[in-house]
There are 2 protein chains.
Amino acid sequence: MSEPFVAVTLADVARSAGVSKMTVSNVINNKPGMSDATRERVQRAINATGYVVNPAARALSGRRSNLIGVLTPHINLPFATEILHGASVTAEAAGLNLAIFTTANNVTLERERATLLRTLADGVLLVIPSADEHHIFGNAIPVVTLGAHGHRTVQVDNHTGGALATQHLIDLGHTRIGHIAGMRDVLRDAVDRQAGYHAALLAAGLPAPEAYVQDGEFSEELGERAARTLLTLPEPPTAIFAANDRSAIGAVRAATALGLNVPRNVSIVGFDDIHAASVMDPPLTTIRQPLEEMGTTAAQLLIDLIRGEERTEMHICFPATLIVRGSTAPPGRTQSASS
Amino acid sequence: MSEPFVAVTLADVARSAGVSKMTVSNVINNKPGMSDATRERVQRAINATGYVVNPAARALSGRRSNLIGVLTPHINLPFATEILHGASVTAEAAGLNLAIFTTANNVTLERERATLLRTLADGVLLVIPSADEHHIFGNAIPVVTLGAHGHRTVQVDNHTGGALATQHLIDLGHTRIGHIAGMRDVLRDAVDRQAGYHAALLAAGLPAPEAYVQDGEFSEELGERAARTLLTLPEPPTAIFAANDRSAIGAVRAATALGLNVPRNVSIVGFDDIHAASVMDPPLTTIRQPLEEMGTTAAQLLIDLIRGEERTEMHICFPATLIVRGSTAPPGRTQSASS
DNA sequence: TTGTAAGCGTTATCAG
DNA sequence: CTGATAACGCTTACAA
């Protein structure tokens with residue numbers, strides 16, 4: 001068991017079982033039409049030798065590698081990891097392995113790794129890609145996108161989500177509502193959330209001055225900066241809808257640093273409902289995306305496509321739901337940031 | 001650019017450039033000894049055709065695949081993702097790709113995927129494996145472990161960390177200090193942290209009843225349950241040292257559910273300093289591991305080994321530091337859990 | 001039911 | 001400095 005370990009190949013197993021390589025290959029792939037006796041003998045030889053297929057050889061030979069490639073911007077992005085957790089469990093159950101690669105939001109890297117996966121994986125899961133990379137895969141392997149860009153997508157109803165968040169603030173009595181936007185230049189999701197925000201304001205007859213929308217790039221740091229900008233305006237908003245939880249966390253930090261209490265002086269709503277949202281101080285009111293479930297669904301769709309089953313859905317949309325926690329309240333008296 | 005995309009091979013580029021496959025291969029691998037003219041002509045052909053190497057073929061042919069394999073228990077494990085973020089940036093810079101696989105803390109899966117990586121990757125990063133899987137790799141490819149099990153390891157000083165956490169509670173005046181342990185049956189790290197806890201208690205002449213140590217398995221759910229057990233003992237501890245931040249988060253939840261205020265009625269210390277620790281309510285006092293830096297160091301060590309450079313360090317140990325936040329205070333008057 | 005031959009795209013080796 | 005050939009481990013066809 002703890003030998004220096006030499007690579008065991010199909011040929012070794014074949015020799016050991018006294019059959020041809022093909023017979024071993026057929027056993028491994030559960031091909032029908034073969035005597036149970038041989039099948040068992042081969043199986044024993046496989047166990048005895050400790051043989052495991054070489055995925056590179058298998059992929060090269062033009063057949064499936066049992067790998068699902070995943071492209072995600074970052075590995076420590078809660079939004080992505082919660083989705084991928086769901087996907088991972090599903091893939092597991094189907095006997096497929098998730099091979100995860102990061103793209104650092106870099107278009108060149110994204111493209112490069114996509115090309116790499118084209119020859120390595122049986123299918124690809126694209127997590128919020130910055131562009132539709134569908135053409136890279138052509139019909140070489142199936143692709144499912146988590147996000148708005150793509151041929152087959154799984155996502156949440158961003159527009160309704162943005163409207164829900166904003167409407168919640170309106171219902172609380174807020175009239176000056178700011179927005180910390182996401183990466184609108186590359187992600188349709190961000191654009192849609194902002195559109196929902198505007199739609200709700202419009203429907204309520206509330207103003208939406210341009211200065212009330214600041215870019216937070218979906219990150220904590222830039223969310224913090226955006227919130228600081230909003231809260232130090234001559235006439236600052238009393239409530240902020242942040243395009244995701246991370247920028248909302250940054251916004252809470254900015255408010256606190258300015259001596260403002262959340263939610264007494266400023267209300268803040270996030271988007272995603274990542275794990276930290278329920279644990280943080282104050283617990284974050286947010287728009288929930290069923291992340292794990294979305295991951296599961298996307299993985300299942302991809303697996304079906306890999307298996308060649310007919311799936312006609314092109315765009316699966318999950319509902320967004322409002323989760324009210326402690327970061328929102330009716331507008332208070334203190335309006336301007338001290339210090 | 002948006003053509004259905006046909007796979008371009010070395011042969012295609014060679015034909016297009018009017019040279020042999022080998023020359024193209026040599027250009028791609030920056031092999032010396034070749035006229036600049038040819039090199040440039042080939043380079044042009046590569047760009048024109050949009051050629052990208054097939055990693056499967058490369059790996060099969062016995063040469064490096066430019067892939068670093070990673071095995072991690074879960075994809076949404078903050079401890080792991082923060083380490084891997086550091087590793088990812090480093091690998092990036094060296095032109096290597098991180099391919100991340102999960103093991104779900106399942107020994108069989110761990111072994112299976114390790115074997116898979118042996119033929120697929122140039123080197124492997126094992127994140128807190130449940131056993132030393134070194135033998136699987138033999139000297140086929142180098143391995144670096146983040147955790148205590150392994151031939152080459154990168155980890156934090158767990159013993160000192162455990163002692164620091166406990167000493168901090170002792171310094172605050174606590175005399176009844178409980179411990180929520182990790183997966184001691186599979187992880188030496190957990191054993192070491194508990195040993196540090198015991199050492200500190202012993203040095204201070206404080207009691208360490210057996211019931212004061214409960215297993216939390218490093219998870220939020222079991223951490224919560226363990227804390228509930230501790231806090232409902234006839235003579236409950238006034239302070240708890242949890243073996244990691246996730247179980248500490250569970251402990252805070254349990255205390256709150258029991259009507260206890262943290263830190264007024266119970267002090268809680270975690271371990272890791274994951275991102276959530278600083279954001280949660282109350283902010284968690286914890287033992288910091290420099291996770292990103294550990295990831296960077298591990299990746300660099302592995303890359304050097306892959307490149308064949310001599311690195312003699314077998315065990316790199318980072319210091320653990322105490323971060324005091326809001327979850328610890330001197331013992332209060334209220335000792336027993338109400339309801 | 002089982003075996004044989006050829007080839008996937010790349011690189012090492014060795015000639016030219 | 002460049003090119004031909006064989007090999008990596010597996011699978012698809014087809015033959016027995």
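Just the heavy atoms: all of them, side chains too, but no hydrogens, waters or symmetry mates, feed the values below. Letters go in sequence order (proteins before strands), and every chain restarts at 1. Here the structure is a predicted model, which is why all the values come from computation and not from measurement.
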Does D:dT2 have its OP1 or OP2 closer than 4.0 Å to a side-chain nitrogen or oxygen of B:S35?
yes

B:R41, CZ: over 12 other non-hydrogen atoms inside 6.0 angstrom:
yes

Check whether any side-chain N or O of B:T115 sits under 3.5 Å from a backbone N or O of B:R111 as a donor-acceptor pair, and report yes or no.
yes

Could you list all N or O pairs between the protein and nucleotides 12-16 of chain C that sit under 3.5 Å apart?
residue, atom, partner, partner atom, Å
C:dA12, OP1, B:R63, NE, 2.5
C:dA12, OP2, B:K31, NZ, 3.4

Nucleotide nearest A:N54 when distance is taken to its side chain, options D:dG9, C:dT2, C:dT11
D:dG9

Below the 4.0 Å mark, does C:dT2 have OP1 or OP2 next to a side-chain nitrogen or oxygen of A:T23?
no

Candidates D:dT11, D:dC8, C:dT11 - which lies nearest the side chain of A:R58:
D:dT11

Beyond-backbone contact of B:I316 with B:E313, side-chain heavy atoms, under 4.5 angstrom:
yes

Quiz: residues 292-303 of chain A side-chain donor-acceptor pairs under 3.5 angstrom, not counting sequence neighbours:
residue, atom, partner, partner atom, Å
A:T296, OG1, A:E292, O, 3.1
A:T297, OG1, A:E293, O, 2.9
A:Q300, NE2, A:D304, OD1, 3.2

What is the distance, rounded to the nearest whole Å, between atom CG of A:D36 and atom C1' of C:dT1?
12 Å

Answer yes or no: does atom CZ of A:R184 have more than 12 heavy-atom neighbours from other residues, nucleotides or ligands under 6.0 Å?
yes

B:S16 side chain to B:D12 main-chain N or O, any donor-acceptor pair under 3.5 Å?
no

Is B:T38 near enough to D:dT2 that one of its side-chain N or O atoms lies under 4.0 angstrom from OP1 or OP2?
yes

